[in-house]
Amino acid sequence: MQNQEKALENSLEALTNRVQDLKASLIAFLEKLEREHATLSWPSVLNNFALLSGQINMLNKVLKSDKTPALRNLVLLPLKLSQDRDEELEKMTEGRVPAFNHEVVPNYLRTKAEPEVEERELQLKQKAATITPEQAQQKQINSMNKLVNRLLDMVNNAKDDWEGDNTAMRLANLGNSNPADTATLIGAVTTGRNLKPIRPPVQGQHSVPGPPGGPPLSQQQRPEQHVPMGKAPSTIKTNIKAGSSTHPYGHR
């Protein structure tokens, strides 16, 4: 008897811990949906769903464990009902149940669903029993085809939008460029088309360094040399000597 009670206590503790973890994850996810709904991405939502699914699976494993007693065979009975406020109960339920009275007991200690829910569940079971396996299979196939067609329509619409955006971008880029100028630039870069060749210097002419930053000068482009004041070139001196022997008015 003591072993069963200990096993039940351990099982309830494990279930409580799993439920608390699941509750904390749900609260965090709901707060994220409320505060970050404008910037929340779909991968983040999927990660939260994956976390919740894993925690639910762990809770099911604890319930199906061999160490967990069959809880459905146990009966939970209220030992005391009171209209007075119970601070400990309110703290345990985080303010949801201030008093354990006749109003809350039927809801919190309910072991069966409400009559409306039971009736609806019974109707679904009867309807499912009248359907043959072939009809159920065909219904599933139709549902899957409908889902696949809807996904294909969504993909095609997204593809058309994407192609339309690319076409608009290409047209916008073509409007900002000139094909003729582009072809001329490509020809100049690749084959040197329309570029003037550099002429080599003529034989017999020597290039002379030009001014800083400018091209060299040939012999014919040399600037004239300035003669210093007071000195005449040798040709001028020869002409003066040759003309001094003759006077225009005869000999002296």
Side-chain angles (χ1 to χ4, degrees), residues 1-129 136 139-140 143-144 146-148 150-151 154:
M1 188 68 181
Q2 294 180 354
N3 294 334
Q4 293 180 358
E5 292 180 356
K6 187 176 182 180
L8 178 61
E9 183 178 356
N10 294 334
S11 300
L12 291 177
E13 184 178 0
L15 288 173
T16 302
N17 293 333
R18 298 298 180 186
V19 171
Q20 291 292 339
D21 294 340
L22 181 59
K23 177 183 175 183
S25 300
L26 283 172
I27 292 175
F29 184 41
L30 291 176
E31 289 181 353
K32 185 178 293 185
L33 289 176
E34 183 177 358
R35 298 179 181 179
E36 304 177 7
H37 63 277
T39 59
L40 191 63
S41 61
W42 181 243
S44 179
V45 175
L46 293 180
N47 291 336
N48 284 274
F49 275 118
L51 178 60
L52 295 175
S53 177
Q55 291 177 344
I56 293 174
N57 290 332
M58 293 298 297
L59 181 60
N60 290 330
K61 286 183 180 180
V62 173
L63 289 173
K64 296 178 181 179
S65 176
D66 297 336
K67 298 181 181 180
T68 302
L71 299 178
R72 66 181 60 187
N73 297 331
L74 302 176
V75 180
L76 184 63
L77 297 176
L79 299 179
K80 181 181 178 181
L81 299 178
S82 175
Q83 299 292 339
D84 298 334
R85 191 183 189 90
D86 191 346
E87 295 182 358
E88 185 178 357
L89 179 62
E90 186 176 6
K91 182 178 179 181
M92 291 176 60
T93 58
E94 298 181 355
R96 293 189 301 271
V97 184
F100 202 61
N101 51 28
H102 297 78
E103 183 180 359
V104 299
V105 165
N107 294 326
Y108 282 90
L109 299 185
R110 184 187 298 274
T111 57
K112 296 178 63 177
E114 295 183 356
E116 294 81 3
V117 177
E118 288 184 347
E119 184 179 358
R120 178 62 177 168
E121 184 178 0
L122 181 60
Q123 292 177 359
L124 292 176
K125 287 182 179 180
Q126 292 176 355
K127 185 177 180 180
K139 188 174 182 180
Q140 292 179 355
S143 300
M144 182 61 66
K146 184 177 180 181
L147 178 60
V148 171
R150 183 177 179 183
L151 290 175
M154 294 174 63

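Not measured: the values here are computed from a predicted model. Numbers here are sequence positions counted from 1.
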Approximate separation, where rounding is to 0.5 Å, of [X] [atom1] and [Y] [atom2]:
| X | Y | atom1 | atom2 | answer |
| --- | --- | --- | --- | --- |
| Leu40 | His37 | CG | NE2 | 10.0 Å |
| Asn17 | Met58 | CG | CE | 11.5 Å |
| Arg96 | Leu89 | CZ | CG | 10.0 Å |

Please answer whether the main-chain N or O of Lys61 pairs with a side-chain N or O of Ser65 as donor and acceptor at a distance below 3.5 Å.
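Side chain of Ser65 to backbone of Lys61, a donor-acceptor pair under 3.5 Å: no, none is there.
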Hey, does the side chain of Ser25 reach the backbone of Asp21 with a donor-acceptor pair shorter than 3.5 angstrom?
yes
Side chain to side chain donor-acceptor pair (under 3.5 Å) partners of Arg85, counting only residues at least two apart
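Residues passing side chain to side chain donor-acceptor pair (under 3.5 Å) with Arg85: Glu90.
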For Glu36, enumerate each residue passing the side chain to side chain donor-acceptor pair (under 3.5 Å) test, keeping only those at least two apart in sequence or located in another chain.
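Glu36 satisfies side chain to side chain donor-acceptor pair (under 3.5 Å) with no other residue.
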Looking at residues at least two apart in the chain, or sitting in another chain, which of them share a side chain to side chain contact (heavy atoms under 4.5 Å, CB included) with [X]?
| X | value |
| --- | --- |
| Gln20 | Thr16, Lys23 |
| Leu74 | Leu8, Leu71 |
| Ile56 | Leu22, Asn60 |

Checking salt bridge (Lys or Arg N to Asp or Glu O under 4.0 Å) for the pair Arg120/Glu116: CA distance, chi angles, key distance, verdict?
CA-CA 6 Å; Arg120 178 62 177 168; Glu116 294 81 3; over 6 Å; no
Can you list everything that forms a ring-ring contact (aromatic ring centres under 6.0 Å, His included) with Tyr108? Sequence neighbours excluded, please.
none
